[in-house]
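Contents: one structure, followed by commentary.
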Protein chains: 2
Amino acid sequence: MRLDDAVGRLSALAHPSRLAVFRLLVQSGPEGLAAGAIAERLEIAPPTLSFHLAQLASAGLVASRRDGRSILYSADFTAAGELVAYLYENCCAGGCEPAVHLPPVRRADRRTEP
Amino acid sequence: MRLDDAVGRLSALAHPSRLAVFRLLVQSGPEGLAAGAIAERLEIAPPTLSFHLAQLASAGLVASRRDGRSILYSADFTAAGELVAYLYENCCAGGCEPAVHLPPVRRADRRTEP
DNA sequence: AAGATGTTTCGATATTTCTAGAATTCTCGA
DNA sequence: TCGAGAATTCTAGAAATATCGAAACATCTT
């Protein structure tokens with residue numbers, strides 16, 4: 001992952017509404033949520049939300065698909081994971097293991113690489 | 001960590017120069033680097049670098065201390081770790097363990113500790 | 001086909017961010 | 001104390017971002 005890609009994803013998340021949207025989509029899982037539902041839930045005017053969703057999509061953090069009249073947005077977990085990995089490797093390397101403390105997810109699937 | 005704090009730190013890192021600065025400071029370890037050294041290394045005009053360092057400091061991501069004529073900046077590993085943890089918990093929860101794959105830094109490893 | 005619903009695009013404005021030259025502050029050595 | 005070195009602050013203009021009403025677009029229902 002290049003620095004510019006990381007900056008793009010960080011910029012996309014560096015706004016209260018967009019971070020809230022992304023968190024909500026993460027909570028909503030792979031099915032995602034309709035734009036209208038997001039707007040109502042977070043009390044964001046539809047055009048404004050559309051603008052923010054476009055930014056998240058442009059950064060590759062969310063995907064969209066039409067479902068009837070609605071458009072469902074869902075978090076791209078791979079992209080989010082890549083960003084976290086980038087930050088962990090580039091902005092924590094050597095110094096901040098103690099603070100990370102990632103217990104909420106099981107480590108059962110840990111890779112066994114040489 | 002509140003959402004607004006996360007946004008503050010994300011915003012601080014969401015700029016090519018600032019992300020480069022922070023990476024450099026992480027690589028430089030706890031001793032840090034003088035502002036002039038950073039400016040020279042990354043080819044950033046001093047006033048511009050000062051502006052970016054102030055943003056990073058304001059977000060709590062870097063600390064500074066005077067050393068003679070120089071001012072040394074160093075990464076705040078705790079703050080960085082908190083941000084990574086926040087993203088991991090709020091933006092990955094349940095979906096992106098595979099992508100994270102954090103092998104580059106071994107946990108509970110305390111190498112080259114003098 | 002017409003109307004209703006969900007979403008985006010357009011347009012105009014307000015706000016924030018970025019950049020770097022000039023001037024200023026602080027510190028050290030002579 | 002003076003001059004030089006290191007960094008910041010001041011300043012102002014350019015660029016990017018944010019907001020949302022109005023209008024347009026796509027889709028469903030009747």
Side-chain angles (χ1 to χ4, degrees), chain A residues 3-25 28 31-76, chain B residues 3-25 28 31-76:
Chain A
L3 182 135
D4 285 344
D5 299 321
V7 168
R9 295 185 190 178
L10 289 168
S11 297
L13 294 176
H15 184 286
S17 295
R18 287 198 295 268
L19 185 53
V21 166
F22 192 72
R23 286 183 61 186
L24 182 57
L25 290 179
S28 301
E31 314 98 78
L33 228 52
I38 302 170
E40 184 183 8
R41 192 87 167 266
L42 301 179
E43 299 181 354
I44 302 174
T48 301
L49 175 64
S50 204
F51 168 79
H52 289 311
L53 285 171
Q55 303 243 67
L56 288 167
S58 163
L61 285 167
V62 306
S64 63
R65 66 183 195 282
R66 184 172 277 280
D67 174 32
R69 278 186 281 232
S70 298
I71 294 184
L72 299 180
Y73 283 87
S74 53
D76 185 322
Chain B
L3 182 136
D4 285 345
D5 299 321
V7 168
R9 295 184 190 178
L10 289 168
S11 297
L13 295 176
H15 184 285
S17 295
R18 288 197 296 269
L19 185 52
V21 166
F22 192 70
R23 287 183 62 186
L24 182 57
L25 290 180
S28 302
E31 312 97 78
L33 227 52
I38 302 172
E40 185 182 6
R41 191 87 167 264
L42 301 179
E43 298 182 352
I44 302 173
T48 302
L49 176 64
S50 207
F51 167 79
H52 289 310
L53 284 171
Q55 303 245 81
L56 287 168
S58 164
L61 285 168
V62 305
S64 64
R65 66 184 195 283
R66 183 173 277 280
D67 174 34
R69 280 187 276 233
S70 298
I71 294 184
L72 299 181
Y73 283 86
S74 53
D76 185 321

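In the text below, chain A, chain B and the rest are named by the order of the sequence lines, each starting its count at 1. The shown structure was predicted, so the numbers you read here are calculated from the model rather than taken from an experiment.
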Taking A:Arg41 for the side chain and A:Glu43 for the main chain, is one N or O donor matched with an acceptor at less than 3.5 Å? no

- Query: If we only count heavy atoms from C-beta on, is the A:Glu31 to A:Leu72 side-chain gap below 4.5 Å?
  - Reply: no

Discussion item. Donor-acceptor pair, distance only, cut-off 3.5 Å: does the side chain of B:Ser11 make one with the backbone of B:Val7?
Written reply: yes

### A:His52 side chain near D:dT17 phosphate (N/O to OP1/OP2, under 4.0 Å)
no

Quiz item: Counting any heavy atom closer than 4.0 Å, what does A:Ala34 reach on the DNA or RNA strands: base, sugar-phosphate only, or nothing?
Solution: sugar-phosphate

List every contact pair, protein side and nucleotides 23-30 of chain D side both N or O, where the distance is under 3.5 Å.
{"residue": "D:dC28", "atom": "O2", "partner": "A:Arg69", "partner atom": "NH1", "Å": "3.0"}

Given 3.5 Å as the limit, does a donor-acceptor pair link the side chain of A:Arg18 with the main chain of A:Ala12, or not? yes

Show your reasoning for whether side chain to side chain contact (heavy atoms under 4.5 Å, CB included) applies to B:Ile44 and B:Ile38.
-> CA-CA 8 Å; B:Ile44 302 173; B:Ile38 302 172; 5.6 Å; no

Would a 4.5 Å heavy-atom cut-off, applied to side chains only, mark A:Val21 and A:His52 as touching? no

Separation of D:dT19 atom P from A:Leu49 atom CG, nearest Å, is 11 Å

In terms of heavy-atom contacts, A:Ser64 and A:Ile71 come closest through CB-CG2, 3.9 Å

OG1 of A:Thr48 to CG of A:Leu42, rounded to nearest 0.5 Å, is 12.5 Å

Atom CD of A:Gln55 and atom C1' of D:dA16 are separated, to the nearest Å, by 10 Å

Nearest-nucleotide check on DNA chain D, A:Thr48 vs B:Ile71; residue mapping nearer the 5' end is B:Ile71

Bounded by its outermost nucleotides with an atom under 4.0 Å from a heavy atom of chain A, the footprint on DNA chain C reads C:dA4 to C:dT9

When rounded to the nearest 0.5 Å, the distance separating CZ of B:Phe22 from CG of B:Leu61 is 5.0 Å

B:Leu33 CG to D:dA6 P, in whole Å, measures 14 Å

May I ask you to say what B:Ser70 touches in the nucleic acid, namely base, sugar-phosphate or nothing, with a heavy-atom cut-off under 4.0 Å? sugar-phosphate

note: B:Leu10, atom CG; D:dT17, atom P; distance rounded to Å ~ 16 Å

Here the distance between atom C1' of D:dA18 and atom CZ of A:Phe51, to the nearest Å, is 6 Å

